[in-house]
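Each remark here refers to the structure printed beneath this line.
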There are 2 protein chains.
Amino acid sequence: MEGVQQEAQNREAFRQAVTNTLERRLFYIPSFKIYRGVAGLYDYGPPGCAVKSNVLAFWRQHFVLEENMLEVDCPCVTPEVVLKASGHVDKFTDLMVKDEKIGTCYRADHLLKDFCKDKLERDPNLPAEKAAEFKHVLAVLDDLSSEELGAKIKEYGITAPDTKNPLSAPYPFNLMFQTSIGPSGVSPGYMRPETAQGIFVNFKDLYYYNGNKLPFAAAQIGQAFRNEISPRQGLLRVREFTLAEIEHFVDPEDKSHPKFPDVAKLEFLMFPREDQVSGRSARRIHIGEAVAQGIVNNETLGYFIGRVYLFLTQLGIDKDRLRFRQHLANEMAHYAADCWDAEIECSHGWIECVGIADRSAYDLRAHTDKSGVPLVAHEKFTEPREVEKLIIVPVKKELGLAFKGNQRMVVEALEAMGEKEAMEMKATLESKGEAAFHVCTLDKVVTINKDMVSISKEMKKEHQRVFTPSVIEPSFGIGRIIYCLYEHSFNTRPSKDGDEQMHFFCFPPLVAPIKCTVFPLVQNQQYEEVARQIARSLTAYGISYKIDITGTSIGKRYARTDELGVPFAITVDSTSSVTIRERDSKQQIRVNVDEVASVIKEVIDGQSTWGDVLWRYPTHSS
Amino acid sequence: MEGVQQEAQNREAFRQAVTNTLERRLFYIPSFKIYRGVAGLYDYGPPGCAVKSNVLAFWRQHFVLEENMLEVDCPCVTPEVVLKASGHVDKFTDLMVKDEKIGTCYRADHLLKDFCKDKLERDPNLPAEKAAEFKHVLAVLDDLSSEELGAKIKEYGITAPDTKNPLSAPYPFNLMFQTSIGPSGVSPGYMRPETAQGIFVNFKDLYYYNGNKLPFAAAQIGQAFRNEISPRQGLLRVREFTLAEIEHFVDPEDKSHPKFPDVAKLEFLMFPREDQVSGRSARRIHIGEAVAQGIVNNETLGYFIGRVYLFLTQLGIDKDRLRFRQHLANEMAHYAADCWDAEIECSHGWIECVGIADRSAYDLRAHTDKSGVPLVAHEKFTEPREVEKLIIVPVKKELGLAFKGNQRMVVEALEAMGEKEAMEMKATLESKGEAAFHVCTLDKVVTINKDMVSISKEMKKEHQRVFTPSVIEPSFGIGRIIYCLYEHSFNTRPSKDGDEQMHFFCFPPLVAPIKCTVFPLVQNQQYEEVARQIARSLTAYGISYKIDITGTSIGKRYARTDELGVPFAITVDSTSSVTIRERDSKQQIRVNVDEVASVIKEVIDGQSTWGDVLWRYPTHSS
């Protein structure tokens, strides 16, 4: 117990150190701070914004460019009909309770969770039986219905945390920001809760753009919005965030992936459903074997899991604190074929940062139904195939005479019969001349006679297969990935004189907010001119830099730039050659002024390592 | 008159040709099309999205990187208090009229404009006097008050265009999308109408980040939202759009710019206020002279005008259809020192695409007043300076006895007195022992006696000057720039056999959605393997490409890729060397397979021109 508390304290202290550094160096800023801010809204300050734009540029290179994806960019403002079709208007809710006297709102599950945790952690006299009960509640928390949650809150006598007032029964609160489109006030709209729907509604055009061929993937980077009831966990649960989503459309009968062999040999921490249920831990598995053994549903899903692993680790996520966890049966939507989350461990625990789901045909079908526009793909047969087809031909004249105004409903019900029902009716009509028939839309049983409909089976030649593609969706929470990256990159080492702990972010050059800093060693015009000359050549190479001409000691200036995670520092200490210092090793080399930009370029582009250039140039000791 | 109509028809036909191509090739897609769309919302389809991301990457390079700007990224959801301070809650409105029977909304000025234009264009018997009146109305349209607009609509008997029903009087409609932050429903918020406010509220932190030094610039790229009453002009007036904004903070007493000489020699079309008023046309002016002659208010404003010119023309905007128009006195906010719009001519006329305004200290002062947090800069003097200071010391004890609960208001009013008022009060107190004093916040006159306040002037040593910086704001409507770029890049030429008009976009490589297409000349495994090999090397260089392995004729495939604006086509017609074809000249060169990616890279990076490589490699004629 003490060990656990100590660990919690260490985690808390570590998190404080990271977030203090992040906030002090403006990696992020609580939004609208001078107005005391808004919970769950954060700005990216200059270095944070640069990190984000580097992460997104790499995402585009790694996914969109390398996989030839079709990137689109849709508006955030979305009309109600789209989110009605997707299910968000009806189901995108959290359960909320209200302070019955002053109206403050709380998430119902949070209150119950806090109550149970608090009891478990702070009540030394808790009977074993009670402890077991609280643990059970915590385990099933996500599955509790509104009624069950309400009953528990009542049973435990939980009140409003701020006032101790009684609480209302839980009721669903929709998490979308609502607005109204146009001036009339009669067209409700929402700020999109995800970017995916913009892709689904464009399926037809994108399929055509891809030459009417499957598979293909569309991608979108953009803002998404969730009006959280009471945001907690700082940068991890926010009300507005950047998503990067891929919708990969495949033939449901062929989910193989031509490039799967490229990732099949990768091995990383996976946490299959069965291991979770049976209480085992995550273990290293080859993704190739996971697919071969059916742990991962199909090659395409496996391919994306592998690509996500490469993406995250190349950004600097520690591979030992990254796992792919399969959704349990009760976590997964009923339509999903399989679903894995890339979870990254940070001081808040294991955090879902990327979801990789095989959503089958659900989304395209939902929009087909709602819009009436068939979002389908076609497979042309090289040779026409013989297919047995059920043919139902209602005789409208006879039906009109018999059913008058209800004729249309009867016709539609007849046409909608499945094969079994139709063949039974055919048999009845042939034997008895008439048959009883239930028309749902009329909610009554009518009598159909043999003149009213002809039912037959025919062999037909078909030239193509028409089907709704399955969609495999990797969805990236960019802000969460970046926050975990900050924690994984955060390091501490003693200062030169040993009396201070220095913090620094060991970002790989790919994500570092600025690639190098240029320091004239002393304030003098000659050195500053050299610094400006180097700056110009860095700009020409498209390398971001900062010049620091303050008179502070070079040690302090190094510490300042290390803290921002800048990988290289160029110190101008002569007019012919300068030193380049690498952040993590603190090693320095001496390079001619006119070569310095190209050396930096080489290393940040990954053409050479620091080790390579260290070997080529004289080292320098300060 | 006929010439004018002919020109209008040509413009309309040209616009139709451009927008047809854009929509057919998915540069843009009306959003939520399968649900019949929403006016004023558009998606960027794959090539449009690529063009947009190229334009934004170049913007970052040209402004943020080259000028060392501090880029930030703030949320779209904004609490009311921020937009109350900025004036948007009260003043960001358009005048609207409603169909009194069915409630349809129209922009009042649009109806009046359409009416006048229609009369002028279609009524051949219009008396000269009436024509002059309608022309006058069109000229002053933007300046009409709500009452004046209403009176004109009544006078002309204008009715609802769709129903001919009578119209309501005009009333202001706020163009911000409103929402509610958090679950309680008591915290109103809006989707930001511009990105600038996010920067202003962060001034203090950004100034600190810049080492408490001026000048510096912050920048932001992001979505902005305007709930237009009835969007028209297609892609030019939309309800959600991407803005790229710069806020350059300077000392109001020194608006010089160290890099101004870099742009001073540029010459381009400018349209100063005086030329507009006196009916002259835009003319070519050196920006250096424009600043020297005081046409442009200051060097920093002039520097940005020059940089914007370079940005737009490097993207491919035709310099003869680009002008910088100065705002007329009545267009400019009262606080603005000077304001210029970069206007680009397209088939819709001259369109404002970038606004470059010296907004003086307005925004920082507004947020200082509302938040109580001083958004100011400090100039440290090298030697302390003697400054005469007005000292007002209210004697709270006396004031409390006299005014009880109103004491605070009286104290604040006394402290807020200006120099003149205070010195007058001092004289009156000295001569008469008491003085009448108007307290605005109480809205009454009170009597102050000489024991209640001490007023004096003292010489004080000051070590620094505290002031509110001026802000110079270049604000870019990215969607509008891109649309104009489409029109300026659109070209038509006859097909090879001369029986068809082929459209193509002559985008510079910088903005082209895809840099090259790879075509195996015939469908064969060997050529396809070479194509894949080239594709891999293109990916390694970060060059976007598309492989087209359809069996269509090479001529048709060239036409298809030209229409997308792809600058280079690589045709695989052997396994050792291939041809590279340049889109605009249709010239071809023959290059070895392993050199092809580096040649393309060289040209798209601008290290070589097509002319250079044409000279180095054997030409090829198909």
Side-chain angles (χ1 to χ4, degrees), chain A residues 26 29 31-35 38-39 41 43-46 49-50 52-53 60-61 65-66 68 70-79 81-82 96 103-105 173 177-184 191 198 201-202 204-205 209 211 223 225 227 229 239-240 367 371 373 539 542 544 546 550, chain B residues 26 29 31-35 38-39 41 43-46 49-50 52-53 60-61 65-66 68 70-79 81-82 96 103-105 173 177-184 191 198 201-202 204-205 209 211 223 225 227 229 239-240 367 371 373 539 542 544 546 550:
Chain A
L26 297 200
I29 307 166
S31 301
F32 318 113
K33 199 169 132 181
I34 61 171
Y35 293 104
V38 174
L41 292 180
D43 299 344
Y44 291 83
C49 190
K52 182 182 174 189
S53 109
R60 275 211 175 90
Q61 167 71 27
L65 196 65
E66 287 208 18
N68 257 297
L70 308 183
E71 189 178 347
V72 299
D73 181 3
C74 310
C76 301
V77 173
T78 306
V81 62
V82 173
M96 176 159 96
T104 313
C105 303
F173 171 73
F177 283 100
Q178 194 174 0
T179 190
S180 179
I181 305 175
S184 67
M191 301 313 298
V201 299
N202 281 329
K204 227 180 117 179
D205 279 341
Y209 187 82
Q223 294 303 88
F225 303 82
N227 194 10
I229 293 169
R239 286 179 165 153
E240 181 176 338
H367 286 295
S371 69
V373 177
T539 299
S544 58
K546 203 178 165 171
T550 52
Chain B
L26 296 199
I29 307 167
S31 300
F32 318 113
K33 199 170 131 180
I34 62 170
Y35 293 103
V38 175
L41 293 179
D43 299 344
Y44 289 83
C49 190
K52 182 182 175 190
S53 110
R60 275 210 174 91
Q61 167 70 25
L65 195 64
E66 288 208 16
N68 256 296
L70 308 182
E71 190 178 345
V72 300
D73 182 4
C74 309
C76 301
V77 174
T78 306
V81 63
V82 174
M96 178 160 95
T104 314
C105 304
F173 171 74
F177 283 99
Q178 192 173 1
T179 190
S180 180
I181 304 175
S184 67
M191 303 311 297
V201 299
N202 282 328
K204 227 180 118 179
D205 280 342
Y209 187 82
Q223 293 302 88
F225 303 82
N227 194 9
I229 293 170
R239 285 176 166 154
E240 182 176 338
H367 286 295
S371 69
V373 176
T539 299
S544 58
K546 203 178 165 172
T550 52

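Remember, predicted model here, so these are calculated numbers, not experimental data.
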### Query
Does A:S371 reach the main-chain N or O of B:Y35 with its side chain, forming a donor-acceptor pair under 3.5 Å?
no
## Note on the structure
Rounded to the nearest 0.5 Å, the CZ atom of B:R60 sits from the CD atom of B:E71 at a distance of 4.0 Å
### Query
Got a sec, which residues hit side chain to side chain contact (heavy atoms under 4.5 Å, CB included) with B:L65, two or more places apart in sequence or on another chain?
A:S544, B:Q61
### Task
Quick one: which of A:G103, A:G198, A:C76 has the most heavy-atom pairs under 4.5 Å with chain B, could you say?
A:C76
### Task
To the nearest 0.5 angstrom, please state how far the CG atom of A:N202 sits from the CG atom of B:L26.
8.0 Å
### Summary
Looking only at B:H367, B:E66, B:K204, the option with the highest number of non-hydrogen pairs under 4.5 Å against chain A is B:H367
### Query
So which heavy atom on B:F177 is nearest to which on A:I181, and how close?
CE2-CA, 4.0 Å
#### Entry: Segment of A:T78 engaging chain B (4.5 angstrom heavy-atom cut-off)
both
### Message
For chain B, which candidate among A:S184, A:S180, A:P75, A:C105 shows the most heavy-atom pairs at distances under 4.5 Å?
### Response
A:P75
### Message
Quick check on A:F173 against chain B: is it the side chain, the backbone, both or neither that has a heavy atom closer than 4.5 Å?
### Response
side chain
### Summary
So, the part of B:I34 with a heavy atom under 4.5 Å from chain A: the answer is both
### Message
Show the nearest heavy-atom pair for residues A:C49 and A:Y44, with the distance to one decimal.
### Response
N-CB, 3.7 Å
### Toward chain A, the part of B:D205 with a non-hydrogen atom under 4.5 Å
both
### Task
Given side-chain contact (heavy atoms from CB on, under 4.5 Å), test A:V201 with A:C74 step by step and report yes or no.
CA-CA 10 Å; A:V201 299; A:C74 310; over 6 Å; no
#### Entry: From A:K546 atom NZ to B:N68 atom CG, the distance as rounded to the nearest 0.5 Å
8.5 Å
### Query
Of the backbone (N, CA, C, O) and the side chain (C-beta and beyond), which part of A:E240 lies under 4.5 Å from a heavy atom of chain B, both, or neither?
side chain
### Task
Please look at B:Q178 and chain A and tell me whether the side chain, the backbone, both or neither of the residue comes under 4.5 angstrom of a heavy atom of that chain.
backbone
### Query
Top residue by heavy-atom pair count (under 4.5 Å) with chain B, among A:A50, A:G45, A:P79, A:A39?
A:P79
## Note on the structure
Highest number of heavy-atom pairs under 4.5 Å with chain B among A:T104, A:T550, A:V38, A:T539 belongs to A:T539
### Message
Could you measure the distance from the CE atom of A:M191 to the CG atom of A:N227? Nearest 0.5 Å is fine.
### Response
11.5 Å
#### Entry: Residue, of B:S31, B:G211, B:P46, B:S53, that accumulates the most heavy atom pairs under 4.5 Å with chain A
B:P46
### Summary
Of the listed B:V77, B:I29, B:V81, the one with the largest count of heavy-atom pairs under 4.5 Å with chain A is B:V77
